[in-house]
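Comments concern the structure below.
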Amino acid sequence: MAQVILKNLRKSYENTKVIHGLDLEIKDKEFVVFVGPSGCGKSTTLRMIAGLETISGGELFIGDKLVNDMPPRQRNISMVFQDYALYPHMTVAKNLGFSLKIAGIPQAEIEQRVADAAGILGLEPYLKRKPGQLSGGQRQRVAMGRAIVRHPDVYLFDEPLSNLDAKLRTQMRIEIKKLHQRVGNTIVYVTHDQVEAMTLADRIVIMRDGIIEQVGSPREVFEKPNNTFVATFIGSPPMNLLDARVTSKNGDPRLMLADGREVHAPAPIRNKLEAGKAVKLGIRPEDISPEGNALPTGGQTERLELPVMLSEDLGSEATLFTELAGTPIQSIMYNPRTVHAGETLNFNMALDKCHVFDGDTLKNLAA
Ligand SMILES: Nc1ncnc2c1ncn2[C@@H]1O[C@H](COP(=O)(O)OP(=O)(O)O)[C@@H](O)[C@H]1O
Ligand SMILES: [Mg+2]
């Protein structure tokens, strides 16, 4: 069993608190991704799990052992870093087996484990090469191989794909997912890239400024963001947010936008809207789309005539940049046609898909 449990885990550097008390239970064989902007404390958290940083407060369990003061070597974890830190003068085979040699594992077993890892990662043709003779993707694979040969209980990854170009990153993402399906170990993975988080994770942990904002499956954090931070961090292009005020027409709550325009209140949260309350109306780009695009049928929609400032055509879809009540809005157009700057289009906003956040606390009113 290799669950990882964080109980009120804290970290300070001298007088600066950087991790403010994290509580999380990572299950055995779970793939958990920590995601958040640069500087929010992802690496610090991972390094505390690895034993590379001291823990300032709280408790950390790996398996059922309290490991706060256990040295890294005894934790049975393997860490893969962003810069692969391969030994340049050693062959791939030696790089893969080096930590086992240090640990005093017999030569025959080292060879077996290296061969197995090379097989899993498709590294057999490169075993005699040195890192300098490999592409970025191959080096990344060697770094993963070095983690695999140790048969750890828990894999820790710190932005392992950040140094690769976009295409390779997508390929390696699939390989990491396959690796997890094959070896089935617990993985704690850190990235600032929400697409990586969404595609890899069983559960996503969204961090900001040393705290956890939300934990959930990719679908949960996408569909039910706790607050505007999570709402705009997960999803691309990001969710649009509009300032609004709750009004009432014959007892029917409505949302008045900054330009005085009124829209119907999304049905699921009607009863939580007090007249006069300041809110933020959140709408994802795919849920405000030009007429002719298929929106989910049956739901209530709001029709809006909006000018398009710019269209970014990506082939199978286009991002339209428009404006509503003085706020820039992005909209996704599927099966796009050419849209000229300045053209006015009819948009449909899927009201049932809208989110409403408290204007002060920025918390989701549906939560
Ligand atoms: N050795 C250190 N001394 C002081 N502050 C540090 C040290 N390492 C990291 N920090 C600070 O801790 C915060 C979290 O850093 P880090 O965990 O590296 O963030 P992330 O990996 O999410 O980008 C940052 O504000 C960073 O400046
Ligand atoms: Mg980092």
Side-chain angles (χ1 to χ4, degrees), residues 4-24 26 31-60 62 67-69 71-72 75 77-86 136 139-140 143-144 146-147 152 154-166 168-169 172-173 176 186-201 203-216 218 221 225-236 238:
V4 179
I5 299 174
L6 284 56
K7 284 192 179 163
N8 196 16
L9 196 70
R10 280 163 284 149
K11 177 71 185 177
S12 306
Y13 291 108
E14 276 140 39
N15 296 327
T16 316
K17 292 182 183 164
V18 297
I19 303 293
H20 302 282
L22 306 184
D23 288 294
L24 182 69
I26 299 168
F31 197 142
V32 165
V33 180
F34 280 78
V35 66
S38 177
C40 71
K42 305 179 297 291
S43 295
T44 306
T45 305
L46 201 69
R47 291 171 63 83
M48 284 195 281
I49 298 173
L52 301 172
E53 286 294 348
T54 57
I55 290 170
S56 309
E59 291 175 323
L60 174 67
I62 298 180
V67 300
N68 283 45
D69 300 313
R75 296 188 185 196
I77 47 101
S78 283
M79 188 146 166
V80 181
F81 299 93
Q82 176 176 353
D83 53 11
Y84 322 125
L86 302 179
R139 268 181 247 166
Q140 169 49 234
M144 293 208 293
R146 279 199 318 192
V154 181
Y155 288 95
L156 305 176
F157 287 91
D158 192 351
E159 311 237 8
L161 307 185
S162 294
N163 288 349
L164 305 177
D165 65 53
L168 202 49
R169 212 154 51 219
M172 291 305 294
R173 209 164 69 201
I176 290 174
T186 310
I187 296 184
V188 188
Y189 188 107
V190 157
T191 178
H192 65 276
D193 179 349
Q194 62 91 19
V195 175
E196 237 169 84
M198 289 293 280
T199 50
L200 285 172
R203 273 196 306 160
I204 296 186
V205 178
I206 297 149
M207 284 187 75
R208 174 168 58 160
D209 296 341
I211 64 159
I212 293 176
E213 291 283 1
Q214 190 165 357
V215 181
V221 298
N226 281 348
N227 51 41
T228 56
F229 176 77
V230 174
T232 53
F233 192 80
I234 299 289
S236 175

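Read the numbers this way: they start at 1 and go in the same order the structure lists the ligands and their atoms. Note: hydrogens, waters and symmetry copies are ignored here, and every other heavy atom, side chains too, is used.
Nearest heavy-atom pair across P218 and A201 is CG-O, 3.5 Å. When every heavy atom of P37 is checked against every heavy atom of F229, the shortest pair comes out as CD-CZ, 3.7 Å.
Here the protein contributes S43 OG as N, O or S atoms under 2.8 Å from the Mg ion (ligand 2).
If you check the side chains of N163 and Q82, you find a donor sitting under 3.5 Å from an acceptor.
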Find all protein N or O atoms under 3.5 angstrom from an N or O atom of ligand 1 and list the pairs with distances, or write 'none'.
{"from": "ligand 1", "atom 1": "8 (N)", "to": "Y13", "atom 2": "OH", "distance (Å)": "3.4"}
{"from": "ligand 1", "atom 1": "17 (O)", "to": "S43", "atom 2": "N", "distance (Å)": "3.4"}
{"from": "ligand 1", "atom 1": "17 (O)", "to": "T44", "atom 2": "N", "distance (Å)": "2.9"}
{"from": "ligand 1", "atom 1": "17 (O)", "to": "T44", "atom 2": "OG1", "distance (Å)": "2.5"}
{"from": "ligand 1", "atom 1": "19 (O)", "to": "G41", "atom 2": "N", "distance (Å)": "3.3"}
{"from": "ligand 1", "atom 1": "21 (O)", "to": "S43", "atom 2": "N", "distance (Å)": "2.9"}
{"from": "ligand 1", "atom 1": "21 (O)", "to": "S43", "atom 2": "OG", "distance (Å)": "2.8"}
{"from": "ligand 1", "atom 1": "22 (O)", "to": "C40", "atom 2": "N", "distance (Å)": "3.3"}
{"from": "ligand 1", "atom 1": "22 (O)", "to": "G41", "atom 2": "N", "distance (Å)": "3.0"}
{"from": "ligand 1", "atom 1": "22 (O)", "to": "K42", "atom 2": "N", "distance (Å)": "2.9"}
{"from": "ligand 1", "atom 1": "22 (O)", "to": "K42", "atom 2": "NZ", "distance (Å)": "2.9"}
{"from": "ligand 1", "atom 1": "23 (O)", "to": "G39", "atom 2": "N", "distance (Å)": "2.6"}

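Pairs of residues two or more places apart, or lying in two chains, that qualify as salt bridge (Lys or Arg N to Asp or Glu O under 4.0 Å) and include a residue from residues 6-17 are K11-E53.
In this structure, the salt bridge (charged side-chain N to carboxylate O under 4.0 Å, His left out) partners of E213, at least two apart in sequence or on a different chain, are R208.
Within the 4.5 Å cutoff, side-chain heavy atoms of M48 are placed close to those of I19.
Using modelled atom types, no side-chain atom of K42 and backbone atom of Y189 make a donor-acceptor pair closer than 3.5 Å. Between the S56 side chain and the S12 main chain, a donor and an acceptor come within less than 3.5 Å of each other. Proximity of a side-chain donor or acceptor of Q194 to a complementary backbone N or O of G235 within less than 3.5 Å is detected.
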